[in-house]
Amino acid sequence: MSRLPIIIDTDPGQDDAAALWLALAHRDRLDLTFVATVAGNVGLDLTTANALRILDAAERPDMPVHRGADRPLVYDLEIADYISGPDGLAGAGLPLSSRAAHEEHAVDALIAALRAAPAPGLTLCPLGPLTNLALAFRLAPELLPRVERIVTMGGAIGLGNVTPAAEFNVYVDPHAAAIVYGCGRPIVMFGLGVTLQALASHDQIARFRDLGRCGRSLHGMLTRPRPGGFGTDGHPMHDLCVIAWLLWPELFSGRDCFVDVECAAGPQRGRTTIDWNGRTRRAPNAHVIATVEARDLFERVLEAFARLP
Ligand code: RIB
Ligand code: CA
């Protein structure tokens, strides 16, 4: 079976760490070309330092990390350190990396990777605000056909998590999200409606503690005290769903929908209006995932993490 070439664009973030490690645990199926960082959970310096820490824990000093956008396209940056902790990886217990990020900007690296991509192209996995992808699509629109698919965590069919209307990634940079959802390429969308189902059970969480460095670190992140947490039932691993879908799509279900992004400032900023019942008669622009078999998901994630350092 050929390996799927992917790029992960990320704002680590505990759940971003879980997604990165899962991708690295499946090198047999996923060919992670590089990691791009973006400001989101915390500022860009910290998300970049965290990406390097996460790769060190997996003993992957060969994996390039490219720094991307340090702020959204239009609005000021708003971070979520009240959830992810001051450094963005509360509970991880990982040392800082001595390695530096690559000197090439993430957007330039993304454009170069798309240009060099063999058919059918690259699968892009944005796990944070969509600023880097939006910039790349605006700078090199001719390369859009080289984007095989965009598999992204963001948005919500119902209540948001940063405001009643909006999920964090889309709220931070709704203009970038509007560019991506309007790019015409296939999108698989993991909104809060499904990612809040991605909760490991109490006994599954305990089993991470018996694994290697990455498993133990994820255990620490899953059981850290945090506002809005779920206690010993851990915390939703939003971003993990993106990589899990690439590996095990049979654990998920959804439907093609038209998705609209509200960019205006105000109480609806960042709302993703998902036309689940086709009322607008607008052509679908995303495959919206609605359900996940959480227990099976984490059983498979545990098996994968057992292969990590
Ligand atoms: O709303 C959850 C999303 O925002 C996740 O990707 C989390 O890591 C943060 O980026
Ligand atoms: Ca994220």
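In this chain, residues are counted from 1 in sequence order. What's counted below: heavy atoms across the whole structure, side chains too, no hydrogens, waters or symmetry copies. It should be emphasised that the depicted structure is a prediction, and the values quoted were computed from it without experimental measurement. In each ligand, atom 1 is the first atom listed, and ligand 1 is the first ligand listed.
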Checking heavy atoms under 4.0 Å, the part of Asn41 that sits near ligand 1 is side chain

Check whether any side-chain heavy atom of Gln14 lies under 4.5 Å from a side-chain heavy atom of Arg224, and answer yes or no.
yes

For atom 4 (O) of ligand 1, the protein heavy atom that lies nearest, with its residue and separation
Asn169 OD1, 3.1 Å

Considering only N, O or S atoms of Asp11, the one closest to the Ca ion (ligand 2):
OD1

For atom 1 (O) of ligand 1, what's the nearest protein heavy atom and its distance?
Glu167 OE2, 2.6 Å

Do the side chains of Arg307 and Asp28 get close enough for a salt bridge, i.e. N-O under 4.0 angstrom?
no

Using a distance threshold of 3.0 Å, state whether an N, O or S atom of Ala19 lies below it from the Ca ion (ligand 2).
no

Counting each atom of ligand 1 from 1 as listed, which ones have a heavy atom of Met153 under 4.0 Å away?
2 (C), 3 (C), 5 (C), 6 (O)

Check whether any N, O or S atom of Asp15 sits under 3.0 Å from the Ca ion (ligand 2).
no

Does Arg185 qualify as a cation-pi partner of Phe137, given the criterion of NZ or CZ under 6.0 Å from the six-membered ring centre and within 45 degrees of its axis?
no

Heavy atoms of other groups near Arg138 CZ, more than 12 under 6.0 Å
no

Is it true that, when you exclude Arg60 itself, more than 12 heavy atoms of the residues, nucleotides or ligands shown sit nearer than 6.0 Å to its CZ?
yes

Kindly give the atom name of the N, O or S atom of Asp239 closest to the Ca ion (ligand 2).
OD2

Is a side-chain donor or acceptor of Asn169 paired with a backbone partner of Met153 at a separation under 3.5 angstrom?
yes

Ligand 1 atoms nearer than 4.0 angstrom to some heavy atom of Asp16 are 8 (O)

Who's the nearest protein heavy-atom neighbour of atom 8 (O) of ligand 1, and how far?
Asp15 OD1, 2.7 Å

Short side-chain donor-acceptor distance under 3.5 Å, Arg269 and Thr163
no

Look only at interatomic distance and state if Gly13 has a nitrogen or oxygen under 3.5 Å from any nitrogen or oxygen of ligand 1.
no

Nearest to atom 6 (O) of ligand 1, what protein heavy atom do you find, and at what distance?
Asp239 OD1, 2.6 Å

Does Gln204 reach the main-chain N or O of Arg295 with its side chain, forming a donor-acceptor pair under 3.5 Å?
yes

